[in-house]
Every structure is written in C-alpha cells, then in structure tokens.
Amino acid sequence: MELRSSVKALNFTKKMLFDGGERALPYPSRPQKPAPQSEPCRPLERSTPQAEGVSAAALDGMLRALSASEETHMHGCIVIRNGRVICEADFPPYSTKTWHVTHSMSKTLVGTAVGFLVSEGKLSPDERLCDIFPEYCTLLTGRRMRSVTIRHLLTMTSGANFREMGALTDANWVKAFFESDAGNEPGSSFDYNSMNSHVLAAVVCKRSGQSLTEYLRPRLFEPLGFGSVAWETSPSGIEIGGWGLYVLLEDMAKLGLLYLNGGMWEGRQLLSAEWIRDAVRPHARNDHGEEYGYQLWPDTRHGLYLFNGMFGQYVICVPQLCMVVAVNAGAEHFFIQSDAYEIICRFLRHALGASPAIDRRRLEFTLSHLESGSAVPE
C-alpha cells in the first residue's frame, strides 16, 4: 500500500515539472479562503488590570516588547483574568475585531469536538480507526495501521506516513491515510502530522452524522457566543481540521477560558472536566522536549498549556493565575519556542501586582501607540 502512495507522489512531481503545474492536482482546484465576515462575537465582560490584580507595568512591558521585536510581527493580543478581558491590544494595521486564520491552532477545536463525542458516549479514545472506517481497511492494510487508535491521532503518535504533502496527490485524504500505512509502531514516538487532525475531523463527521462545524455549533460556538466562523474543507468536503479555520481572536480566547474553567461556562458543564484534565497533560514529547497533549501543547515547566498555530497564533492558559493570553501574529516560526512566547512567559512571571496611576497612564499611552514591528515611543 505504501508503494501506491509513493507512485502517486512521483506522478504529481512529474506533472509539476513537465506540465508546468497544470492538471497536477487529482481534483479540481477551488478558492478556499472565505470572504471576510462581519458577524461580531458576544463579548466577554470587561475589567481593568488593577481591578483584577494585574500589574499595569508588567502588561506595558510585554506589549512594548512584542511591538518592538523584529521577530513577532504582532497583529493582536487579548489578556483575560478571572474571566474578564483586562487588556485588548491592536497592532495597526491589524485589528482583533477582524477574523483571523488560526493555522494549527484549529487542531484544538478538533480535539474539543472529539471530547464532546467521548462525553456523549459516541466514541472511545481507544477505538481503532479500522473499526470506524471498515470501508478503508482492506486485506492490504498493514498491521500497524490496523492498530492506530483515536488516542494515537490525538497525541500525534500514529506514525502515519500520509502527510500534508499527500493532500496534493489524493482527493480522498482519509482513504489515502489508510493506504500509506504507518512508518513506526503507533504510540511509540511523537510525529507532528496535520493529517492526524484531518482524520479526527472525519471521525467526528462520521460518528455525528454532521459536518464538524455543524456538530460544534450548538455545543461550543453558540454557548460561547462565537462570531463568524469558517473552515476550509478537503476535496471530499470534510473540514481540514489541522488548519484552515478563520475565527475572531476573542472567540479563541473563550475556548481557552472554557478549558481553564474545567469545561464550565455560565453555570453549565459543556465539556467533561475529566476530558480536559487528560487533554492538557503531557502524552508525548518532540525532539526539542516540547510536550504534547490532545491536540494542544502542555508546558509543565511554565505551569501552563497552550493552543498553538504557526506564525505566532497562541492561546496560553495559566491555571495558577486564572489567566488567558491570546495572540495573533505573522511571525517566522512554526512551533512554540519563539521570541513572542518568551516575552509572554516573562510577563506571566511578573503579572500580579499593584497598578499605580503612573503605570496605568503609561499603559494607556502604549495601547494608543502600538504598531506591528515598531517600538513604542517613550
């Protein structure tokens, strides 16, 4: 089966080289980025840093450092403490009121949808993929692929060989996932692969009988008061899962707040607290020592966990501080470690404290003079 995938990749490369890219895709190309939408979100309660015990000086230092850094290329930042927004920063020409691509931060919504299915008794983390998609599990399916479970997909330990590049060689990504087999024993090692997330999206669609977006709407989007949401789909019409989600920054921050509150929202238990406890603990580690849970990144060294998308999309949840820091950016890095992340972690170490009037005035001045890639004047 792996040979078939290799032949498809070679044929695609041949078409790209000799046909100038024309007709290289095995499916009709179509625009995926949606037109901007203007439906606003239901805003969280607003407060001030001083009312929630956060140092205005520490906030000011973080925003100035993020703005001045040549690596961060900031777009927006929202800081929440005790469930209330205490700081909302735009870095012109960008605005937090405009929806934003999330890149791999969308994976956490896929993991959340799986959590809802498990809580409803419609799925088990230890179910095998072959039992969910028997139509793709044939006599030629390898032993390793037959043992891949939902938990392996959640923790990026499936070992599957079908990767993002494969999306260009097949119209049915789930079928191709099975055909590619696994390169190592499932569960044995971490291998970050967005196709794991896409297959999870397909699992949600199959078990719920709805699209991923339709399934999440009454369980997550409506209770949390999300504004406009759009998700790019695969050629077979399934939400991509691992990327392609467009959403407002405040809405992603709400998801962080839901996790921080153990699945509770306005007095209702929306998502299982047990699921969240399991999701945010480390299940695997990459070669850099970064930890991975269920489609999110724990960081036990800093006492937090985060949803992460490449180029600097973060939702950082800090249980001990009852704080969420959400960031959109256009930076140059792919994973967690970055100048922006270090700046935010430095802020968190000094976040709590009194806010004298002089510090509050300086913070107000900073918020009105932010600009992406430019230092704030003194």
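Counting begins at 1 with the first residue of the sequence.
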message = Using the rule that Ile, Leu, Val, Met, Phe, Trp and Tyr join whenever any side-chain heavy atoms are under 4.5 Å apart, tell me whether M310 and W99 fall into a single cluster.
response = no
inquiry  = Would you say L248 ends up clustered with M252 if hydrophobic residues are merged whenever their side chains have heavy atoms under 4.5 Å apart, either directly or through other cluster members?
reply    = no
[Y] side chain reached by [X] side chain, heavy atoms, under 4.5 Å:
X: L271; Y: S119; value: yes
X: R144; Y: V148; value: no
X: H100; Y: V247; value: no
X: C205; Y: E239; value: yes
X: M323; Y: F347; value: yes
X: S338; Y: Y314; value: yes
X: M62; Y: I344; value: yes
X: V79; Y: L59; value: yes

query = Roughly how far, to the nearest 0.5 Å, is OH of Y136 from SG of C130?
reply = 12.5 Å
task = Kindly compute the distance separating OG (S104) from CG (L296), expressed to the nearest 0.5 Å.
result = 12.5 Å
Heavy-atom pair of closest approach, residues [X] and [Y]:
X: D181; Y: G142; answer: OD2-CA, 3.5 Å
X: K254; Y: C41; answer: NZ-CB, 3.8 Å
X: G76; Y: T96; answer: CA-CG2, 3.9 Å
X: F91; Y: S372; answer: CB-N, 3.9 Å
X: L367; Y: E88; answer: CD2-O, 4.0 Å
X: S197; Y: G241; answer: CB-C, 4.1 Å

Between the main-chain N or O of [Y] and the side-chain N or O of [X], is there a donor-acceptor pair closer than 3.5 Å?
X: S47; Y: R84; result: no
X: N172; Y: V174; result: yes
X: N261; Y: G263; result: no
X: S55; Y: A58; result: yes
X: S228; Y: E39; result: yes
X: N193; Y: F162; result: yes

Would you say [X] has more than 12 foreign heavy atoms packed within less than 6.0 Å of its [atom1]?
X: R268; atom1: CZ; answer: no
X: D126; atom1: CG; answer: yes
X: E135; atom1: CD; answer: yes

ask   = Are V114 and L123 close enough, and set up right, to give a side-chain contact (heavy atoms from CB on, under 4.5 Å), and what steps lead you there?
value = CA-CA 8 Å; V114 172; L123 184 70; 3.9 Å; yes
Thinking salt bridges, do [X] and [Y] make one under a 4.0 Å N-O criterion?
X: E185; Y: R143; answer: yes
X: E120; Y: K122; answer: yes
X: E290; Y: R285; answer: no
X: K175; Y: E179; answer: yes

ask   = Going through the checks in order, is the side-chain contact (heavy atoms from CB on, under 4.5 Å) test met by F116 and L220?
value = CA-CA 9 Å; F116 280 119; L220 185 72; 4.2 Å; yes
May I ask you to decide if the ring planes of [X] and [Y] are parallel, tilted or perpendicular, using 30° and 60° as cut-offs?
X: F365; Y: H369; value: parallel
X: Y294; Y: W275; value: tilted
X: F221; Y: F226; value: tilted

inquiry  = Between I80 and L257, does the side-chain contact (heavy atoms from CB on, under 4.5 Å) criterion hold? Intermediate values first, please.
reply    = CA-CA 8 Å; I80 298 170; L257 195 57; 4.2 Å; yes
key: D339 vs S69, side chain to side chain donor-acceptor pair (under 3.5 Å): CA-CA, chis, key distance, verdict   = CA-CA 8 Å; D339 195 20; S69 171; 2.5 Å; yes
inquiry  = Run the side chain to side chain donor-acceptor pair (under 3.5 Å) test on T108 and Q295 for me, step by step, so that the C-alpha distance in whole Å, both residues' side-chain angles and the decisive distance to 0.1 Å come before the verdict.
reply    = CA-CA 5 Å; T108 306; Q295 302 287 287; over 6 Å; no
key: Steps toward ring pair (Phe, Tyr, Trp, His ring centres under 6.0 Å) verdict (Y292, W297)   = CA-CA 5 Å; Y292 203 73; W297 300 81; 4.8 Å; yes
message = Quick check: F307 with Y259 (ring centres under 6.0 Å apart)?
response = yes
query = side chain to side chain donor-acceptor pair (under 3.5 Å) with S194: which of H103, E164, R163?
reply = E164
Is the closest side-chain donor-acceptor distance between [X] and [Y] under 3.5 Å?
X: D299; Y: Y341; result: yes
X: S211; Y: T213; result: no
X: R128; Y: T149; result: no
X: Y246; Y: E232; result: yes

key: By side-chain contact (heavy atoms from CB on, under 4.5 Å) - contacts of S106 (at least two apart)   = T102, W231, L245
note = Which of R207, R151, K206 passes salt bridge (charged side-chain N to carboxylate O under 4.0 Å, His left out) with E127? Answer is R207
message = Go through it in stages, so that I can follow the logic: the residues are E378 and R64, the test is salt bridge (Lys or Arg N to Asp or Glu O under 4.0 Å), and I'd like the CA-CA distance, side-chain angles, deciding distance and then a yes or no.
response = CA-CA 10 Å; E378 293 295 331; R64 285 175 174 264; 3.4 Å; yes
key: Audit row: L200, N196, side-chain contact (heavy atoms from CB on, under 4.5 Å) steps and yes/no   = CA-CA 6 Å; L200 285 174; N196 288 320; 5.7 Å; no
